[in-house]
> 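Sending over a structure as structure tokens; questions will come in a sec.
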Amino acid sequence: MNENKLRSASPGSRWRYATPAILLHWVLAVLIVTLVTIGWYMLSIEEDPRSAWYFDKHKSFGMIAFVLVLLRIWWRARHRPAPLPASVPGWQVALAHFTQWSLYGCLFLMPVLGFLGASYSEDGVTFFGSHLPAWAVQNHDRSELLFSLHIGLAWVMVALIALHVAGALKHLLVDKDGVFQRMWPR
């Protein structure tokens with residue numbers, strides 16, 4: 001990429017996201033893709049006795065993801081990134097904000113719905129093999145409803161991730177405006 005173009009688009013170090021934001025973004029990206037992949041695989045082997053291992057890992061890493069999402073939201077609230085360059089059309093800025101905040105919403109709600117669904121299920125909530133204290137009375141119908149919402153939101157999140165990645169690749173390969181580099185590790 002032309003360094004002059006990047007410099008003209010990036011007014012100083014505030015242009016880039018801070019290292020903690022970049023680290024949280026990429027750790028969560030890998031974790032979310034893994035959770036969605038394992039989640040869909042789990043559904044195909046739900047009745048298999050060996051599926052308990054996958055469910056346990058999905059729940060455990062889902063709780064870790066939730067803590068990281070809370071940390072990411074906390075960080076973002078205190079460290080606002082520089083605005084996108086003036087060359088980015090207003091509708092793209094609006095779409096980027098909508099996509100990012102919708103992703104934050106999904107990333108917050110997904111583990112909450114999964115945790116609640118597991119809390120009402122027969123199996124309960126486990127964290128790497130250890131059962132967490134039960135706080136809800138088993139309720140199959142409520143559990144199924146919460147898991148249905150959890151799965152439905154997964155599809156919404158996958159669509160938002162696809163839109164997010166498409167926008168990032170557009171900035172990297174077509175616009176070449178340095179926007180992608182804001183979140184790429186140095």
> So, the side chain of N139 versus the backbone of Y120: is there a donor-acceptor pair under 3.5 Å, distance only?
no
> Quick one: does any side-chain atom of T37 pair with a main-chain N or O of V33 as donor and acceptor, under 3.5 Å?
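Side chain of T37 to backbone of V33: a pair is present.
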> Do L116 and F55 sit in the same hydrophobic cluster, where Ile, Leu, Val, Met, Phe, Trp and Tyr count as joined when their side-chain heavy atoms come under 4.5 Å apart?
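The answer is no; the residues belong to distinct hydrophobic clusters.
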> Rounded to the nearest 0.5 Å, how far does CZ of R182 lie from CD1 of I22?
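I22 atom CD1 to R182 atom CZ measures 10.0 Å (nearest 0.5 Å).
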> Taking the six-membered ring for Trp, are F61 and F128 closer than 6.0 Å centroid to centroid?
yes
> Sequence neighbours left out, what passes side-chain contact (heavy atoms from CB on, under 4.5 Å) with H131? Give chain and number order.
T126
> Using modelled atom types only, decide if a donor and an acceptor are shared between the side chain of D175 and the backbone of D177 within a distance under 3.5 Å.
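The answer is no, because no donor-acceptor pair under 3.5 Å joins these two groups.
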> With distance as the sole test, does T99 use its side chain to make a donor-acceptor pair with the main-chain N or O of H164 at under 3.5 Å?
no
> Quick one: CH2 on W26 to CG on L31, what's the gap to the nearest 0.5 Å?
14.0 Å
> Between K59 and G124, is there a donor-acceptor pair closer than 3.5 Å when you use the side chain of the first and the backbone of the second?
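The answer is yes, because a donor-acceptor pair under 3.5 Å joins these two groups.
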> Identify the two heavy atoms, one from W184 and one from R16, that lie closest to each other, and give their separation to 0.1 Å.
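Of all heavy-atom pairs spanning W184 and R16, the closest is O-NH2, 2.6 Å.
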> In terms of hydrophobic clusters joined by side-chain contacts under 4.5 Å, are V67 and V30 together?
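Hydrophobic grouping puts V67 apart from V30.
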> As a quick check of understanding, evaluate side-chain contact (heavy atoms from CB on, under 4.5 Å) for K170 and F180, giving each step before the final call.
CA-CA 9 Å; K170 178 186 175 292; F180 179 87; over 6 Å; no
> Compute the centroid of each ring, for F66 and then for F115, and state whether the two points are separated by less than 6.0 Å.
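That pair fails the under 6.0 Å test.
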> Would you compute the distance between atom CD1 of I64 and atom CG of L28 and round it to the nearest 0.5 angstrom?
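Reported to 0.5 Å precision, the distance equals 11.0 Å.
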> Mind checking whether L24 and F108 sit in one hydrophobic cluster, side chains of I, L, V, M, F, W, Y counted as touching below 4.5 Å?
yes
> Measure the OH-CZ distance between Y17 and R80 for me, rounded to the nearest 0.5 Å.
10.0 Å
> Taking the side chain as every heavy atom from C-beta outward, state whether L160 and Q100 have any atom pair closer than 4.5 Å.
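Heavy-atom side-chain distance check fails, nothing below 4.5 Å.
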> Examine distances only and state if a side-chain atom of S60 and a backbone atom of K57 form a donor-acceptor pair shorter than 3.5 Å.
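Side chain of S60 to backbone of K57: no pair is present.
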> Kindly compute the distance separating CD (Q138) from OG (S119), expressed to the nearest 0.5 Å.
11.5 Å
> If you apply the rule side-chain contact (heavy atoms from CB on, under 4.5 Å), what do you find for L84 with Q92, and how did you get there?
CA-CA 10 Å; L84 292 168; Q92 288 182 19; over 6 Å; no
> Please determine whether side-chain contact (heavy atoms from CB on, under 4.5 Å) holds for the pair V179 and L172, giving the CA-CA distance in whole Å, both sets of side-chain angles, and the decisive distance to 0.1 Å.
CA-CA 7 Å; V179 170; L172 177 66; over 6 Å; no
> According to a hydrophobic-cluster definition based on side-chain heavy atoms being under 4.5 Å apart (Ile, Leu, Val, Met, Phe, Trp, Tyr only), do I38 and F127 belong together?
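As far as the 4.5 Å side-chain criterion goes, F127 and I38 are not connected within one cluster.
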> Rounded to the nearest 0.5 Å, what separation is found between the CE atom of M110 and the CD1 atom of I32?
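If I round to the nearest 0.5 Å, the distance is 7.5 Å.
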> Just grab all the salt bridge (Lys or Arg N to Asp or Glu O under 4.0 Å) pairs involving residues 84-112, residues at least two apart or on different chains.
none
> Output all residues satisfying side chain to side chain donor-acceptor pair (under 3.5 Å) with Y41, sequence neighbours left out; order by chain, then residue number.
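Side chain to side chain donor-acceptor pair (under 3.5 Å) list for Y41, sorted by chain: empty.
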> Is there a side-chain contact between S143 and E122 in this structure, where contact means two heavy atoms from C-beta onward sitting under 4.5 Å apart?
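No. Closest side-chain heavy atoms not under 4.5 Å.
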> Is F147 linked to V112 within one hydrophobic cluster, defined over Ile, Leu, Val, Met, Phe, Trp and Tyr using a side-chain heavy-atom separation of less than 4.5 Å?
no
> Which one of L107, L109, L35 satisfies the side-chain contact (heavy atoms from CB on, under 4.5 Å) criterion with M157?
L107
> Are side-chain heavy atoms of W101 and R76 found at a separation under 4.5 Å?
yes
> If you draw a 6.0 Å radius around CH2 in W91, do more than 12 non-hydrogen atoms from other residues or ligands fall strictly inside?
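For W91, atom CH2 is not crowded (no more than 12 foreign heavy atoms under 6.0 Å).
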> Please step through side-chain contact (heavy atoms from CB on, under 4.5 Å) for the pair V158 and W40, ending with a clear verdict.
CA-CA 12 Å; V158 166; W40 282 332; 3.5 Å; yes
> Search all heavy atoms of I45 against all heavy atoms of S51 and return the closest pair with its distance.
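Reported closest heavy-atom pair: O-CB, 3.1 Å.
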